[in-house]
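Here is how names work: the chains are called A, B, and so on, in the same order as the sequence lines, proteins then strands, and each is numbered from 1.
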Amino acid sequence: MTTALRRYPVLIALCLAALFMVVPFLIVLINAVKSPAEYSEHGPLSLPKGLYLDGLKDFWQRVDYGQKLFNSVLISGSVAALAAALSVLNAYAIGIGRIRGRTWVLAFFVLANMLPQEALVYPIYYLSKQVGLYDTRLSVIIVFTVIQAAFGTYLLSSVLGQFPREILEAARIDGANKWQVLWRIVVPVSRPTIGVLLVFFFIWTWNEFLLPLVMLISNDNQTVSVALGVLQGQRLMDATMTNAAALLGVLPAIVFFLVFQRTLTRGIAVGAVK
Amino acid sequence: MTVTVEKGARASRKSRHPGPRNPRSHRPRDSYALFLLPGALAALAVIVVPFLMNTAVSFTSWQGVGDPKWTGLANYRDLLDDAEFWASFRHSLFMVVAMAAVPTLIGLVLAAALFDYIGKHFGTRIATILRACFYLPQVLPIAVAGIVWSWILAPDNGSLNALLKAVGLGSWQQDWLGDPDIALYSVMGVMVWVQLGFPLVVFMAGLQRVDPQLYEAAELDGAGWWRRFWHITLQQIRPEIYVVLTWCTIAALKVFGAVYVLTKGGPGGATDVPSYFSFTTFFEKTQVGYGAAISTVLTVIILVLSLIGLKLQTRAEDAEEGARA
């Protein structure tokens with residue numbers, strides 16, 4: 001009995017802390033569906049009287065939010081697929097091929113991953129202007145494919161380094177060449193790790209800010225993050241519009257979170273341990 | 001007869017495992033290098049070349065057009081006298097506190113409480129739901145988190161000020177992001193909120209590999225929750241602690257989006273950080289050489305910290321494996 005009494009305060013404290021973490025989301029939700037009149041009369045903490053969706057609709061049309069969503073999906077999706085493919089190729093050479101100097105190659109990818117984007121951003125901006133890729137979604141796709149693949153190579157190499165040798169040996173005896181071993185055996189067996197990489201690359205690219213901010217200046221090419229960040233930076237939004245922007249920015253993240261929750265938490269564990 | 005068979009077997013074994021000096025043994029290995037070719041070329045074009053260019057430009061005076069003028073170490077000498085530069089790195093230390101030190105400490109306590117208190121007494125389901133709440137801000141784009149918080153912290157009609165007024169603490173109301181004395185602490189608070197989920201999830205995963213018998217034995221010996229936390233939990237997940245500290249410290253040094261969206265480095269440079277400082281120097285002041293010097297200093301610091309972090313992590317893992325063996 002005494003232990004039960006002692007247990008509940010811990011649970012209650014943790015629930016309160018968790019509530020504090022999600023309260024900003026709830027505040028955004030209740031205010032995004034309030035009319036400007038209601039907001040100015042009752043302030044941000046009152047519950048909405050009705051469902052006012054014009055603010056969301058106005059904001060959607062004003063910033064052409066559908067286009068921004070499409071750009072974000074296009075860029076993040078392409079980067080996830082391409083970076084995962086590149087990671088697999090790199091890791092195959094390092095983890096299974098055990099090429100000479102692999103420690104150094106791996107160290108290079110680790111350092112490349114740690115490098116601050118500030119040290120790359122101006123030359124990338126300058127070079128992309130030279131080759132006519134400035135302000136294109138392709139430029140951002142290329143850059144993030146390489147940056148994300150640096151992490152993927154690091155993670156996948158250590159996973160493939162422990163790949164059961166007998167399976168590879170058996171396939172080789174059956175006459176499979178290196179491509180066939182990679183495509184028919186290594187990729188299917190490592191599908192869980194590749195899945196984690198796909199999810200992470202997608203969300204990381206979705207959330208990227210600095211490079212897309214510099215590279216994508218025209219409205220038609222901007223991602224959700226950049227468009228919302230720039231709008232906020234201009235300080236031109238009233239309260240209703242800010243809440244509409246916040247809600248529309250939060251929703252995709254919550255969808256990803258619910259869809260990928262298990263992969264995310266499993267993946268962080270894998271990534272941290274090696 | 002038996003002798004010949006044995007001889008033959010030995011010979012064939014020998015030919016299947018040629019010595020390391022045999023040049024033929026390298027050939028099958030090194031044709032794997034072809035698989036590295038696309039990745040290596042891409043990294044060369046997107047990372048190596050830009051990085052070298054940036055480093056080279058840091059020794060020049062350049063406005064982004066025309067030819068860079070070689071000035072040697074002049075940019076770096078100017079940096080030493082630049083109060084804005086020192087202020088931005090001082091603010092970086094505050095960010096390390098907010099994004100590495102505080103989330104690691106809170107994350108440790110939360111992870112231990114969720115794992116061996118809530119998980120054991122109330123079921124893993126509740127622990128998982130609570131963990132999800134703490135992790136949620138981590139998947140939010142930082143630009144969106146910035147919009148949410150800049151509006152909550154707004155001076156007029158912001159939720160925080162409205163809340164303070166509602167509970168009778170009206171005198172505590174502040175211009176949270178607009179007051180130079182408070183802005184940095186407000187940004188720090190937001191970053192704790194953003195960052196907390198990462199250590200928590202890593203630590204909870206780490207706790208799963210701790211032998212439960214250790215806790216049972218300690219409990220039998222009469223060790224309380226706090227002593228078990230100190231002597232078992234902390235010792236067992238030390239590799240995870242190093243990983244988290246390294247990653248979060250690097251993330252703190254790189255912080256850009258939050259500052260851009262919340263304060264734009266202001267008011268009056270009160271929340272300026274190196275990455276934002278280099279960004280404005282590159283693209284607003286177009287002093288590309290100087291901006292490159294700032295980012296090069298940042299890079300060197302980050303690389304040194306990464307190496308230290310990796311070393312500590314490997315040592316902790318080795319020590320753990322040694323202890324197990």
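Taking 4.5 Å as the limit, every side-chain heavy atom of Val139(B) sits out of range of all side-chain heavy atoms of Phe256(A). With a 4.5 Å cut-off on side-chain heavy atoms, Cys15(A) and Leu130(B) count as touching. Residues Leu140(B) and Val250(A) are in side-chain contact: their nearest non-hydrogen atoms beyond the backbone lie under 4.5 Å apart. Between Phe283(B) and Val214(A), the closest side-chain pair of non-hydrogen atoms falls below 4.5 Å. Looking at Glu118(A) and Thr299(B), their side chains never come closer than 4.5 Å, going by heavy atoms from C-beta outward. The shortest distance between side-chain heavy atoms of Phe282(B) and Tyr125(A) does not fall below 4.5 Å. At least one side-chain heavy atom of Leu111(A) sits less than 4.5 Å from a side-chain heavy atom of Leu303(B). A 4.5 Å side-chain heavy-atom check between Phe279(B) and Val121(A) finds every atom pair outside the cut-off.
Within the model, atoms NZ of Lys254(B) and CE of Met114(A) stand 7.5 Å from one another, a figure rounded to the nearest 0.5 Å. With rounding to the nearest 0.5 angstrom, the CG atom of Asn31(A) is 9.0 Å from the CD1 atom of Ile152(B). Taken to the nearest 0.5 Å, the CG atom of Leu115(A) stands 8.0 Å off from the CD1 atom of Ile302(B). With rounding to the nearest 0.5 Å, the separation of CD1 in Ile30(A) from OG in Ser159(B) is 7.5 Å. If you take OG on Ser295(B) and CD on Gln117(A), they are separated by 12.0 Å, rounding to the nearest 0.5 Å.
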- Could you give me the CA-CA distance, side-chain angles and deciding distance for Leu11(A) and Ile126(B), then say whether side chain to side chain contact (heavy atoms under 4.5 Å, CB included) is met? CA-CA 10 Å; Leu11(A) 180 68; Ile126(B) 294 180; 4.1 Å; yes

- Query: Is there a side chain to side chain contact (heavy atoms under 4.5 Å, CB included) between Ile142(B) and Asn207(A) once you walk through the steps?
  - Reply: CA-CA 7 Å; Ile142(B) 192 69; Asn207(A) 293 351; over 6 Å; no

- Message: Ile96(A) vs Tyr32(B), test: side chain to side chain contact (heavy atoms under 4.5 Å, CB included). Steps then yes/no.
- Response: CA-CA 9 Å; Ile96(A) 286 181; Tyr32(B) 278 103; 4.3 Å; yes

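Counting heavy-atom pairs under 4.5 Å between each of Trp206(A), Phe20(A), Tyr92(A), Trp179(A) and chain B puts Tyr92(A) at the top. Among Ala143(B), Ala145(B), Pro50(B), Pro38(B), the residue with the largest count of heavy-atom pairs under 4.5 Å with chain A is Pro50(B). For the set Ala40(B), Gly291(B), Gly64(B), Ala166(B), the entry with the most heavy-atom pairs within less than 4.5 Å of chain A is Gly64(B). When the candidates Ile124(A), Asn243(A), Leu228(A), Ile147(A) are compared by the number of heavy-atom contacts under 4.5 Å with chain B, Asn243(A) comes out ahead. Contact tally against chain B (heavy-atom pairs below 4.5 Å) for Thr242(A), Val28(A), Leu14(A), Val22(A): the top residue is Leu14(A). Comparing Gly146(B), Ala132(B), Pro137(B), Ser58(B) by how many heavy-atom pairs each has under 4.5 Å with chain A, the most go to Ala132(B). Contact tally against chain B (heavy-atom pairs below 4.5 Å) for Ala119(A), Ala18(A), Ala246(A), Ala93(A): the top residue is Ala119(A). For the set Ile94(A), Ile142(A), Leu213(A), Ile203(A), the entry with the most heavy-atom pairs within less than 4.5 Å of chain B is Leu213(A). Ranked by heavy-atom pairs under 4.5 Å with chain A, the first of Ala113(B), Ala292(B), Ala162(B), Ala154(B) is Ala162(B). By number of non-hydrogen pairs under 4.5 angstrom with chain A, the leading residue of Val46(B), Leu196(B), Leu110(B) is Val46(B).
Val110(A) touches chain B through its side chain: at least one heavy atom from C-beta onward sits under 4.5 Å away, while N, CA, C and O do not. Contacts of Val105(A) with chain B are made by side-chain atoms alone, with heavy-atom separations under 4.5 Å and no backbone atom involved. At a 4.5 Å heavy-atom cutoff, Ala149(A) makes no contact with chain B through either its backbone or its side chain. Of the atoms belonging to Tyr126(A), it is side-chain heavy atoms, and not backbone ones, that fall under 4.5 Å from chain B. With a threshold of 4.5 angstrom between heavy atoms, Leu136(B) approaches chain A through its backbone and through its side chain. Using a 4.5 Å cut-off between heavy atoms, Leu163(B) touches chain A through backbone and side chain atoms alike. Interface residue Leu262(B): only backbone heavy atoms are found under 4.5 Å from chain A. Neither the backbone nor the side chain of Ile294(B) comes within contact range of chain A; no heavy atom of the residue lies under 4.5 Å from a heavy atom of that chain. In this structure, the portion of Val144(B) lying under 4.5 Å from any heavy atom of chain A is its side chain and not its backbone. Interface remark: Gln208(B) contributes no atoms to any contact with chain A (heavy atom separation under 4.5 Å). Contact of Leu52(B) with chain A is not made at all, since no heavy-atom distance falls under 4.5 Å. Proximity to chain B (any heavy atom under 4.5 Å) is shown, for Ala107(A), by neither the backbone nor the side chain. For chain B, the nearby part of Leu86(A) is the side chain; its heavy atoms alone come within less than 4.5 Å. With a 4.5 angstrom heavy-atom cutoff, Val48(B) touches chain A only via side-chain atoms. Heavy atoms closer than 4.5 Å to chain B are found in the side chain of Leu182(A), but not in its backbone. Heavy atoms of Leu127(A) lying under 4.5 Å from chain B belong exclusively to its side chain. Residue Ile47(B) touches chain A through both its backbone and its side chain, counting heavy-atom pairs closer than 4.5 Å.
Taking the six-membered ring where the residue is Trp, the centroids of Trp193(B) and Phe25(A) are separated by under 6.0 Å. Annotation: Tyr8(A) is in aromatic contact with Phe122(B) [ring centroid separation under 6.0 Å].
Looking at Asn54(B), its side chain never comes within 3.5 Å of a backbone N or O of Pro123(A) through a donor-acceptor pair.
A cation-pi contact, defined as under 6.0 Å to the ring centre and within 45° of the axis, is absent between Lys178(A) and Phe35(B).
For Lys165(B), the NZ atom counts as loosely surrounded, since its 6.0 Å shell holds 12 or fewer non-hydrogen atoms of other residues, nucleotides or ligands.
Between Leu298(B) and Pro116(A) the shortest heavy-atom distance is CD2-CB, 4.2 Å. Shortest non-hydrogen contact noted between Ala245(A) and Ile147(B) is CB-CD1, 4.4 Å. The minimum heavy-atom distance between Ala17(A) and Phe134(B), with the atom names listed, is CB-CZ, 3.7 Å.
Phe256(B) and Phe209(A) have tilted rings, their planes meeting at an angle from 30° to 60° on a 0 to 90° scale.
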